[in-house]
Every structure is written in C-alpha cells, then in structure tokens.
Amino acid sequence: MSVHKEVKRITTHTLQEMRNSGEKIAMLTAYDYSMATIVDDAGMDIILVGDSASNVMAGHETTLPITLDQMIYHASSVVRAVKRALVIVDLPFGSYQGNSKEALNSAIRIMKESGAHGVKIEGGVEIAESVSRILTAGIPVMGHLGLTPQSIYKFGTYTVRAKHEEEAKKLKEDALKLQELGCFGIVLEKIPAKLAAEVTEMISIPTIGIGAGQACSGQVLVIHDMLGINKGFKPRFLRQYADLYDVMNGAIKSYVSDVKAKSFPNEKEQY
C-alpha cells in the first residue's frame with residue numbers, strides 16, 4: 001500500500017531555517033505551467049517568476065518592456081503548477097519606482113490575482129519607502145542588489161557591479177537597510193565573490209547569488225540559460241546542465257521530415 005506523502009510547502013520561515021543551518025537554497029525561474037511543474041517536481045526551493053520573461057519569453061532586449069499585467073499572467077500560470085516551492089514574482093519596471101503607493105498597489109495585484117507568495121524588487125535605500133509599505137501589507141519582499149537589470153540604461157552595461165569601494169560600501173548599506181526593513185532575502189547579482197561573502201556574513205537573512213560566488217546562502221539561474229535553450233548566452237557564471245536547443249531542434253526536424261515523407265501518421269497512429 002503506498003502512503004500518500006503530504007508535500008511540505010517551502011515558506012520564508014523554511015528559507016531562514018535553511019540559512020541558519022547552512023543548507024543551500026536552490027532557486028530557478030519559470031514562466032509557464034508546464035515548465036513550473038517540472039521545476040517544482042525536481043525539488044526546487046524557490047521559483048522566481050522573473051521579469052527576465054521579457055527577454056526569454058517575449059524576445060525583448062531588456063527587462064523594461066514587460067508589464068504588470070503580463071507578469072501576473074506568467075505568475076498565475078506558475079502558481080497553478082506549484083505544490084512545494086515558494087513562488088516569488090518580480091515587480092516590473094515602472095510599477096514601483098518613485099511612488100510607494102503604486103508599489104503597494106502593484107504588489108497587492110500580484111498577490112491577489114496570481115496567488116504568488118511574495119515579490120522581488122530591485123534597489124536599496126532609494127526604494128526603502130516602497131519596500132516598507134509593501135511589507136506593512138503583510139506581503140513578503142525579496143530584495144535585489146548589484147546588477148539590477150531594470151537600471152540597465154543608468155549603468156549602460158551588464159558588467160560586474162560594485163568592484164569599486166564606493167559602490168561596494170553602498171551595496172553593504174543597502175543590504176543592511178533591506179534587512180532592517182524586513183525583507184526575507186536578497187538576490188545579489190554579478191558582484192565580486194568576496195563582496196558577496198562579506199554581505200552574506202554581515203546580514204542574517206538569506207542571500208541568493210547569480211554570478212556572486214559560492215558563499216551566498218543559495219543560487220539562482222534563468223531556466224532557459226541553464227537548460228541550454230538560449231543559444232549564445234554564455235556568461236562566466238552560467239553552468240549549462242543540458243543542451244535542449246539541439247535536442248528539441250533535432251526532434252522537430254525529425255517530425256518535419258516524417259510528415260514530408262508521409263511516414264507520420266502511420267497505420268497505428270490513426271483511427
């Protein structure tokens with residue numbers, strides 16, 4: 001007799017316990033129901049519905065064009081699939097900057113309309129009021145420091161951030177501020193490993209790194225990158241775990257040739 005095992009949901013509390021005990025946190029992106037089912041079944045701790053959907057799902061050059069409505073669409077698709085992972089959704093560009101009331105409304109819409117478990121927001125001290133307001137509504141917030149892709153035009157480049165002392169000092173202050181406000185974790189993107197280690201040591205909430213070395217409490221990658229669906233994107237921090245572009249491309253070519261050769265469908269494949 002097989003006993004149906006109850007799936008234990010990951011919560012922000014679980015993540016803090018993992019951080020305290022030294023167990024690393026695994027996080028990946030997902031943007032649709034089918035992919036999220038696979039990711040969740042594989043034992044993921046956090047699924048990020050990233051504004052990277054703007055790049056990998058919609059083909060935009062940056063994360064800026066994606067709208068709040070589109071993020072909610074992706075998030076609700078993911079939430080319907082997930083039984084175990086904590087689902088966090090990016091607040092897209094323009095839905096929180098410079099207006100804490102709008103930030104709160106955006107976060108509330110994400111939570112109500114998608115059923116997600118929390119939001120992620122880019123920036124430090126300058127968005128403190130927005131973070132604070134969202135948290136006051138009881139919505140979990142994850143911070144994001146270092147390379148913040150929504151500010152790409154300010155930086156002008158996707159290179160490593162906080163290499164210089166002044167920027168590194170600001171990043172540390174931002175991390176402390178986000179913790180003080182009540183964020184449950186912080187993504188550190190493309191910063192020197194040494195700095196990420198110092199930040200992780202300095203704060204008590206989990207840090208999730210992407211191109212930020214192994215000292216972080218956990219790691220995140222974009223699923224299309226790590227599965228090799230994206231051809232040609234190979235930054236140093238990316239480990240490619242599969243080459244799905246070639247696998248899928250090969251399968252599709254076989255289908256095309258079978259249709260052309262009239263070998264699909266065969267006798268057994270018809271009614």
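Scanning all heavy atoms of the two residues, the minimum distance from A162 to L171 falls at CB-CD1, 4.3 Å. In terms of heavy-atom proximity, D90 sits nearest to M71 at O-CE, 3.5 Å. The two residues I25 and P206 make their nearest non-hydrogen contact at CD1-CB, 3.7 Å. Of all heavy-atom pairs between S95 and P92, the closest is OG-O, 2.6 Å. Of all the heavy atoms in A85 and H117, the pair that sits closest is O-CE1, 3.6 Å. Closest approach of E198 and K194 over heavy atoms only: OE2-NZ, 2.9 Å.
Judged by distance alone, the side chains of H13 and E17 do bring a donor and an acceptor atom under 3.5 Å apart. Side-chain contact, S204 with Q179: a donor N or O sits under 3.5 Å from an acceptor N or O. No donor-acceptor contact under 3.5 angstrom links the side chains of S52 and T29, judged on distance only. Side-chain contact of K253 with N249: a donor-acceptor pair under 3.5 Å is present, judged by distance alone. With no hydrogens or angles considered, a side-chain donor-acceptor pair links Q150 and D51 at under 3.5 Å.
Residue T207 holds its OG1 atom at 6.5 Å from CZ of R19, rounded to the nearest 0.5 Å. Atom CD1 of I10 and atom NZ of K8 lie 7.5 Å apart (nearest 0.5 Å). With rounding to the nearest 0.5 Å, the separation of CG in L244 from CD in Q240 is 8.5 Å. Distance CG/L221 to CG/L48: 11.5 Å, rounded to 0.5 Å. Distance check, rounded to the nearest 0.5 Å: CD of E61 to CD1 of I152 gives 9.5 Å. Once rounded to the nearest 0.5 Å, the distance linking CZ of F264 with CG of D258 reads 8.5 Å.
Under a cut-off of 6.0 angstrom, the local environment of OH in Y245 is sparse, with at most 12 non-hydrogen atoms contributed by other residues, nucleotides or ligands. The local environment of CD in Q214 is sparse, with at most 12 non-hydrogen atoms from other residues, nucleotides or ligands closer than 6.0 Å. Within a 6.0 Å sphere centred on CD of E267, heavy atoms belonging to other residues, nucleotides or ligands number 12 at most. Shown here is F155, whose CZ atom has more than 12 heavy atoms of other residues, nucleotides or ligands within 6.0 Å. Around CE of M248, the count of heavy atoms belonging to other residues, nucleotides or ligands within 6.0 Å does not exceed 12.
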- request: In sequence, state the C-alpha distance, the side-chain angles, and the governing distance for R109 and D69, and then conclude on salt bridge (Lys or Arg N to Asp or Glu O under 4.0 Å).
  value: CA-CA 9 Å; R109 277 199 63 200; D69 285 341; 2.7 Å; yes
- prompt: How far apart are the C-alpha atoms of L86 and I47, what are their side-chain angles, what is the distance that settles it, and do they pass the side-chain contact (heavy atoms from CB on, under 4.5 Å) test?
  reply: CA-CA 6 Å; L86 186 80; I47 292 178; over 6 Å; no
message: Working note: K172 + M202, criterion side-chain contact (heavy atoms from CB on, under 4.5 Å); need CA distance, chi angles, decisive distance, verdict.
response: CA-CA 8 Å; K172 286 179 178 174; M202 201 175 71; 3.7 Å; yes
- request: Tell me, with the steps shown, if V187 and L145 meet side-chain contact (heavy atoms from CB on, under 4.5 Å).
  value: CA-CA 6 Å; V187 167; L145 299 171; over 6 Å; no
task: Determine, stepwise, if the pair L91 / K120 fulfils side-chain contact (heavy atoms from CB on, under 4.5 Å).
output: CA-CA 6 Å; L91 278 178; K120 179 165 77 64; over 6 Å; no
Intermediate values then yes/no, side-chain hydrogen bond (donor to acceptor under 3.5 Å, both in side chains), T14 and T11: CA-CA 5 Å; T14 320; T11 65; 2.9 Å; yes
Evaluation steps, salt bridge (Lys or Arg N to Asp or Glu O under 4.0 Å), between K83 and D40: CA-CA 7 Å; K83 294 181 173 67; D40 192 52; over 6 Å; no
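Neither V222 nor V160 shares a network with the other; the hydrophobic side chains, linked directly or stepwise wherever heavy atoms of I, L, V, M, F, W or Y lie under 4.5 Å apart, form separate groups for each. Hydrophobic clustering (side-chain heavy atoms under 4.5 Å, transitive across Ile, Leu, Val, Met, Phe, Trp, Tyr) keeps Y158 apart from F233. By the rule that hydrophobic residues join a cluster once side-chain heavy atoms approach within less than 4.5 Å of another member, V247 and I38 end up as members of separate clusters. L64 and Y73 fall into different hydrophobic clusters, where Ile, Leu, Val, Met, Phe, Trp and Tyr are joined by side-chain heavy atoms under 4.5 Å apart, directly or via other members. A continuous path of hydrophobic side-chain contacts links L147 to Y153 [ILVMFWY only; heavy atoms under 4.5 Å].
Residues Q16 and I205 have side chains in contact (heavy-atom distance under 4.5 Å, counting atoms from C-beta outward). For the pair N55 and T63, the minimum side-chain heavy-atom distance is below 4.5 Å. Looking at I46 and M142, their side chains come closer than 4.5 Å, going by heavy atoms from C-beta outward. Here the side chains of V56 and N230 are in contact, with some heavy-atom distance below 4.5 Å. No side-chain heavy atom of K24 sits under 4.5 Å from any side-chain heavy atom of D45. Between L188 and C216 the shortest side-chain heavy-atom distance falls below 4.5 Å. When side chains are defined from C-beta on, P140 counts as touching M111, because their heavy atoms get closer than 4.5 Å. When side chains are defined from C-beta on, E102 counts as touching S106, because their heavy atoms get closer than 4.5 Å.
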Side chains of residues 127-134: which donor-acceptor partners sit under 3.5 Å, not counting sequence neighbours?
from	atom 1	to	atom 2	distance (Å)
E129	OE2	S100	OG	2.9
S130	OG	Y96	O	3.4
R133	NH1	S100	OG	2.9

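Remark: the backbone N or O of A75 is not paired with any side-chain donor or acceptor of S114 at under 3.5 angstrom. The closest donor-acceptor contact from the side chain of Q97 to the backbone of G94 lies under 3.5 Å. Of the possible polar contacts, none joining the S263 side chain to the V259 backbone as a donor-acceptor pair under 3.5 Å is found. The backbone N or O of S151 sits nowhere less than 3.5 Å from a side-chain atom of T148 that would complete a donor-acceptor pair. With R84 contributing its side chain and M44 its backbone, the two residues share a donor-acceptor pair below 3.5 Å.
Applying the side chain to side chain contact (heavy atoms under 4.5 Å, CB included) test between V79 and each of V87, V49, V89 identifies V87 as the sole match.
Using a 4.0 Å cut-off between a side-chain N of Lys or Arg and a carboxylate O of Asp or Glu, E173 and K169 qualify as a salt bridge. Using a 4.0 Å cut-off between charged side-chain N and carboxylate O, K170 and E167 make no salt bridge. Using a cut-off of 4.0 Å between Lys/Arg side-chain N and Asp/Glu carboxylate O, E189 and R161 are scored as not salt-bridged.
For residues 226-251, every residue pair satisfying the salt bridge (Lys or Arg N to Asp or Glu O under 4.0 Å) rule, not counting sequence neighbours, is listed here: K231-D246. Among pairs with a residue in residues 21-68, those fulfilling ring pair (Phe, Tyr, Trp, His ring centres under 6.0 Å) read Y31-H224, at least two apart in sequence or across chains.
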